[in-house]
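Okay, so here's the structure we're looking at.
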Amino acid sequence: MSLEKAKSILLSSASTIAVVSDGEVFTSQERGVKPLLFLLKEKKEFLKGASVADKVIGKAAALLMVLGEIKEVHTLIISEPAIKIFEKYNIPCFYDKKVTRIVNRTGDGLCPMETLCLDVENPQEAFDRITSL
């Protein structure tokens, strides 16, 4: 039910992410992993057990969601490495389209966050790498 609500909010708004936690909703129009970083730094408890709908999820975002202990996720586009992370941590993951890797915004290379976390399996290590930039 919460995941359907998050997905509905995502699809009916300009949001890039919708998080439903205990009936409360968080949305953001920020791109990339910024909304997840904000929640992890400022409202980590909000993510715990939350249902998340996101437009695009790469490995970095998946690792951050694992760190936040989300319950389930739905995304429009997901990378294969992100799927593997959700499988490893037993987080139900639903998606519309699977891609090999997430590309950058100009479309001429890999997403910098995807590249940064390609060799990372530990969620805390991913957070530390991303926040040290």
Side-chain angles (χ1 to χ4, degrees):
M1 192 73 186
S2 294
L3 188 59
E4 285 303 314
K5 182 176 181 179
K7 183 179 170 186
S8 174
I9 293 167
L10 181 75
L11 295 175
S12 65
S13 69
S15 300
T16 57
I17 188 171
V19 183
V20 177
S21 181
D22 289 329
E24 291 186 52
V25 177
F26 168 86
T27 61
S28 176
Q29 294 181 5
E30 295 251 31
R31 297 175 72 170
V33 297
K34 284 181 185 174
L36 290 170
L37 291 174
F38 168 78
L39 287 171
L40 285 167
K41 291 176 182 177
E42 305 294 330
K43 297 179 164 199
K44 190 170 182 184
E45 284 303 308
F46 188 80
L47 278 174
K48 190 171 186 170
S51 299
V52 179
D54 199 332
K55 292 212 171 179
V56 179
I57 298 178
K59 188 174 182 184
L63 286 162
L64 294 176
M65 289 180 193
V66 169
L67 184 63
E69 300 179 57
I70 68 161
K71 179 174 79 173
E72 58 192 352
V73 64
H74 182 277
T75 184
L76 306 182
I77 300 171
I78 192 167
S79 71
E80 290 174 1
I83 292 171
K84 288 184 174 126
I85 291 297
F86 289 130
E87 287 172 350
K88 177 179 179 178
Y89 289 94
N90 298 311
I91 295 174
C93 169
F94 307 93
Y95 53 88
D96 295 348
K97 182 180 178 185
K98 175 176 71 171
V99 295
T100 306
R101 298 269 194 265
I102 303 300
V103 295
N104 63 22
R105 292 182 187 144
T106 55
D108 60 0
L110 284 183
C111 162
M113 293 299 117
E114 186 96 338
T115 303
L116 186 68
C117 293
L118 274 181
D119 64 337
V120 178
E121 294 296 315
N122 179 288
Q124 185 64 52
E125 183 183 344
F127 178 82
D128 293 344
R129 276 194 192 186
I130 293 165
T131 55
S132 71
L133 293 179

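Just so it is clear, the model here is predicted, and its values are computed rather than measured.
Between C117 and I130, the closest side-chain pair of non-hydrogen atoms falls below 4.5 Å. Residues M65 and F86 form a side-chain contact, since some pair of their non-hydrogen atoms from C-beta on lies under 4.5 Å apart. Looking only at side-chain heavy atoms (C-beta outward), I77 and K55 stay at 4.5 Å or farther from each other. Side-chain atoms of L3 and K71, non-hydrogen and from C-beta on, never get closer than 4.5 Å to each other. A 4.5 Å side-chain heavy-atom check between P81 and R101 finds at least one atom pair inside the cut-off. Looking at heavy atoms from C-beta onward, S13 lies out of side-chain contact with T27 at the 4.5 angstrom threshold. Within the 4.5 Å cutoff, the side chain of L11 has heavy atoms near those of the L76 side chain.
Nearest heavy atoms, P35 versus S28: CG-OG, 3.5 Å. Across V66 and I91, no two heavy atoms sit closer than the pair CG2-CD1, 3.7 Å.
When hydrophobic clusters are built by joining Ile, Leu, Val, Met, Phe, Trp and Tyr residues whose side-chain heavy atoms come closer than 4.5 Å, directly or via intermediates, M1 is not grouped with V25. Connection of V20 to L64 is not established within any shared hydrophobic cluster, with ILVMFWY side chains joined at heavy-atom distances below 4.5 Å, either directly or through further cluster members. Cluster annotation: L10 and L36 are assigned to distinct hydrophobic clusters (Ile/Leu/Val/Met/Phe/Trp/Tyr, side-chain heavy-atom contacts under 4.5 Å, transitive). Put simply, I85 and V73 are part of the same group of oily side chains (I, L, V, M, F, W, Y) that touch within less than 4.5 Å, one to the next. By the criterion of side-chain heavy atoms lying less than 4.5 angstrom apart, applied directly or through intervening Ile, Leu, Val, Met, Phe, Trp or Tyr residues, Y95 is not grouped with I102; the two fall into different hydrophobic clusters.
Considering OH of Y89 and CD of E69, their distance stands at 11.5 Å, rounded to 0.5 Å. To the nearest 0.5 Å, atoms CG (L40) and OG1 (T131) are separated by 9.5 Å. Atom CG of residue D54 and atom OG1 of residue T16 lie 6.5 Å apart, to the nearest 0.5 angstrom. Taken from SG in C111 to CZ in R105, the straight-line distance is 7.5 Å, to the nearest 0.5 Å. One distance of note links CG of L67 with CD of Q124; it measures 5.0 Å at 0.5 Å rounding. Remark: E114 CD to S79 OG distance equals 4.0 Å, nearest 0.5 Å.
With sequence neighbours left out, the salt bridge (Lys or Arg N to Asp or Glu O under 4.0 Å) criterion links E121 to K59, K88.
A 6.0 Å sphere centred on CG of D108 holds more than 12 heavy atoms belonging to other residues, nucleotides or ligands.
Taking the charged nitrogens against the carboxylate oxygens, E125 and R129 do have a contact shorter than 4.0 Å, which makes a salt bridge.
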Can you give me every donor-acceptor pair (side chain of residues 42-52, partner residue at least two apart or in another chain, under 3.5 Å) with its distance?
from, atom 1, to, atom 2, distance (Å)
S51, OG, E72, OE2, 2.6

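Of the listed residues (I83, D96, I57), just one forms a side chain to side chain contact (heavy atoms under 4.5 Å, CB included) with T75, and that residue is I57.
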Exercise. Should M113 and L63 be marked as a side-chain contact (heavy atoms from CB on, under 4.5 Å) after you check the CA-CA gap, both sets of side-chain angles, and the distance that decides it?
Worked result: CA-CA 11 Å; M113 293 299 117; L63 286 162; over 6 Å; no

